[in-house]
Amino acid sequence: MLLGVRHHGPGSARAVVAALEAEKPAVVLVEGPAEADGLVALAGDEAMRPPVALLAHAVDDPGRAAFWPMAEFSPEWVAIRWALDRGAAVRFIDLPAAHTLAAADPTWDDSEEVDGGGHRIDPLAELARIAGYEDAEQWWEDVVELRGDDDPIAPFEALAEAMGALREAYGHGGHLRDLVREAYMRLQLRAARKEFGDEVAVVCGAWHVPALTRKTTVAADRALLKGLPKVKTELTWVPWTHRRLARRSGYGAGIEAPGWYGHLFTAPDRPVERWMAKVAGLLRAEDHQVSTAHVIEAVRLAETLAALRGRPHPGLDETTDAVRAVLCEGSDVPLGLVRDRLVVGDVLGEVPAGAPAVPLQRDLSRLQRSLRLKPEAQQRELDLDLRKDTDGARSRLLHRLRLLGVDWGTPAPGRAGTGTFRETWRLGWEPELHVQVAEAGVWGTTVEAAATAKAESRAVAATALADVTALAEQCLLAGLGDALPVVMRALADRAALDSDVTHLAQALPALARSLRYGDVRGTDTAALAEVAAGLAERICVGLPPACTGLDADAATAMRDRIDEVHQALALLPETARPADRWTGVLHALAGRDRVPGVLRGRATRLLLDEGRIGEDEAGPLMSRALSPGAPPQDAAAWIEGFAGGASGGGLLLVHDERLLGLVDTWLTSVPAAAFTDVLPLLRRTFSAYEPGVRRTLGELVARGPKADGAGRAAPGGVPGFATALDRERADGVLPLLHLILGTEADV
């Protein structure tokens, strides 16, 4: 009995169960890697919950791997479970993974075949086209998923006949790999018939059925298999997800709507009504107003659409249109949520603890249980307070995994690199992480030992100073104290040999963060502080000469380095912070004509922000930079450095009308010929401001100079800002500040 199916088709799965119940074969042959026979028993374990996948990887190259996914509604899965429940034998009959992984493209993909002319074809799409359908999924739903049949064998006979006609029209596969696989399947089928007689059932992709009925000789099939390359492999079961079953995830044999197909397979009756109830529950949980009347009307609309379109029952298209029109009130925003959570779904399978695994995976599983960090398919944010023991251990685990290349968690934007007691992570478990864990297993048998070994190896192999400082930061975050001596030796060696100021400037921020992180985690960072102090001194000495004669792109890059160094110095302890030396560097940059305008402007701004110069000193520097004798492009670059980016320059201009007036006077005096050259830079500068800041600046410029020196509004204008503090107005906010801070006002 040959049962040709569509991988992950619930209609095929129901038909397979019906056919097996009718024929009751003694052995069930399933398309899958032959070595997986030893793992069949695990499929009957109560702890095994699909979706799951067979994972095969090369022992010497764990990154070379392939998956064979199975969902609850996959025909292969229901065939295995039927055989285990009835005491029938189960065997996998596809080409062994040892040969599959030795090929250039090991991924299981029966979604497209190759015709005789070498063109890729999709069998279902071809049958749908012949039947007059534009959508292959809709055709499959109509002829298989939404129809019932009293004869359980009839659908397989019809599908086998259709595939036979396709193979006759397009050639018998044409793809050498398919010919080899089918030859191996025929050999396995012959062996099973020799042992069990006619009580044999085969569950495989419908495309292969005509090939399994071909009359060939054993010698011819063995000739196709002779000399195949092979590698040593290991197999196990791993959790899979509905999201990774979807075709849009890149899985070639995937389907469009795993969640919908899972619903069709598990719904005992009235699938449309039950689906609408699911959708309503999801939308209500997201605070959308959905009533019972909405659900009833949506069901009626789906059934009406199916009748108008000539379909036997409402399919995914009809239910989606009804959900959009009724439950989502015509909006695609909540509909996107329904598609993501229900149509595709985020179900994550489970495998028994006894499934084969590399030692590193077992240690990771142990840590996940002890730290209560359960892998979940849906992305979620995890807030950690590093002062708590459990949260600190979670942080170290996630950082160690990142160092090993296992990106289960990624630091959420806004919290990374702050050096505080809090961290925010975005977690999301993907099946491919099992392969990454297997790859990382070459470094050690535990997460800590593997991360330590890899950190030491990277430190020895690193050639760039910034790479070593970043590694030191990772080691501190991950709590890898045993790796730090090796990393510190490499850091001292690279720092002593590297004389490029740019490289030193790139390295210092990570080193400064490391000192802060070490302080938070109670780590001894005395050696790091010495290296950081040395780097800071060398940067102060070499930066002014390195900033002269730079072109526009190099100057912009150097501005970013200066910002990073300035922020890094603020993180250094007092003993390692050359505050006065750095102030002298900024003074030198601000007043040196050979330094590009963007760097002079940024140096002036940093001095002003730190209180190293007053507004009375910043004004003359700006006046000189924007004088008529200065080239317009250089003046525009100075403004970009002083007031551009995320430095808060817009608010500075709002609150200091004298500086705003200097910019306005210069801008109105730029010659017309030069204005088009400086316009892109100015637009980039001012477009980075918040909308409210841009609006206020426009109002100030439109109003013109203040009416009086007190900073009060001119008639019909907006409030201005005085050159001195208006104590009467400032005192007015003190009661509110005391209320917010919980302090008492001085009597």
Side-chain angles (χ1 to χ4, degrees), residues 1-9 12 15-16 19 25 27-34 36 66 68 74-76 79 91-97 99-100 103 105-127 130 140 144 153-194 196 198 200-228 252-253:
M1 180 173 59
L2 298 179
L3 306 179
V5 301
R6 181 191 186 184
H7 300 305
H8 321 306
S12 291
V16 163
V27 62
V28 177
L29 308 182
V30 179
E31 182 180 338
W68 286 261
S74 297
E76 298 85 355
R91 294 179 183 173
F92 288 95
I93 61 170
D94 204 348
L95 194 68
H99 299 305
T100 303
D105 179 17
T107 304
W108 181 27
D109 182 357
D110 281 339
S111 63
E112 295 178 338
E113 305 301 337
V114 180
D115 64 20
H119 301 96
R120 305 300 291 183
I121 65 169
D122 183 340
L124 295 186
E126 287 297 311
L127 293 175
I130 295 170
W140 180 259
V144 177
I153 307 299
F156 298 109
E157 293 177 343
L159 198 55
E161 183 179 353
M163 290 299 174
L166 278 180
R167 292 187 70 130
E168 184 176 348
Y170 289 102
H172 297 289
H175 196 297
L176 177 60
R177 179 180 164 199
D178 279 343
L179 297 177
V180 170
R181 291 174 60 199
E182 290 163 355
Y184 189 85
M185 290 183 194
R186 284 193 294 268
L187 291 173
Q188 298 301 103
L189 178 56
R190 288 191 186 99
R193 284 174 173 166
K194 185 176 181 180
F196 296 96
D198 292 333
V200 177
V202 179
V203 179
C204 65
W207 179 260
H208 302 300
V209 170
L212 298 186
T213 59
R214 284 180 58 199
K215 300 297 183 182
T216 62
T217 64
V218 173
D221 287 340
R222 286 179 176 171
L224 286 173
L225 299 171
K226 187 177 181 180
L228 287 179

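Predicted, not measured: the structure shown is a model, and the values here were computed from it.
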For [X], check side chain to side chain contact (heavy atoms under 4.5 Å, CB included) against everything at least two apart and list the hits.
X	answer
Ala34	Pro96, Tyr184
Val209	Leu2, Ala160, Cys204
Ala201	Met1, Leu20, Pro25
Arg190	Arg186, Leu187, Thr216, Val218, Asp221

Roughly how far, to the nearest 0.5 Å, is the [atom2] atom of [Y] from the [atom1] atom of [X]?
X	Y	atom1	atom2	answer
His99	Arg181	NE2	CZ	13.5 Å
Leu224	Lys226	CG	NZ	12.0 Å
Arg214	Glu182	CZ	CD	8.0 Å

Do you know which two heavy atoms are closest between [X] and [Y], and how far apart they sit?
X	Y	result
Phe156	Ser12	CZ-O, 4.2 Å
Val200	Ala192	CG2-O, 3.9 Å
Trp207	Arg167	O-NH1, 2.7 Å
Ala79	Val203	CB-CG2, 3.8 Å
Phe92	Pro33	CB-O, 3.2 Å
Asp178	His208	OD1-CE1, 4.2 Å

Hey, does the side chain of Arg6 reach the backbone of Ala206 with a donor-acceptor pair shorter than 3.5 angstrom?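 Absent.
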Does any N or O in the side chain of Glu76 come within less than 3.5 Å of the main-chain N or O of Val30, such that one atom is a donor and the other an acceptor? no
Answer yes or no: is there a side-chain heavy-atom contact under 4.5 Å between [X] and [Y]?
X	Y	answer
Glu31	His7	yes
Leu189	Ile93	no
Asp94	Thr100	no

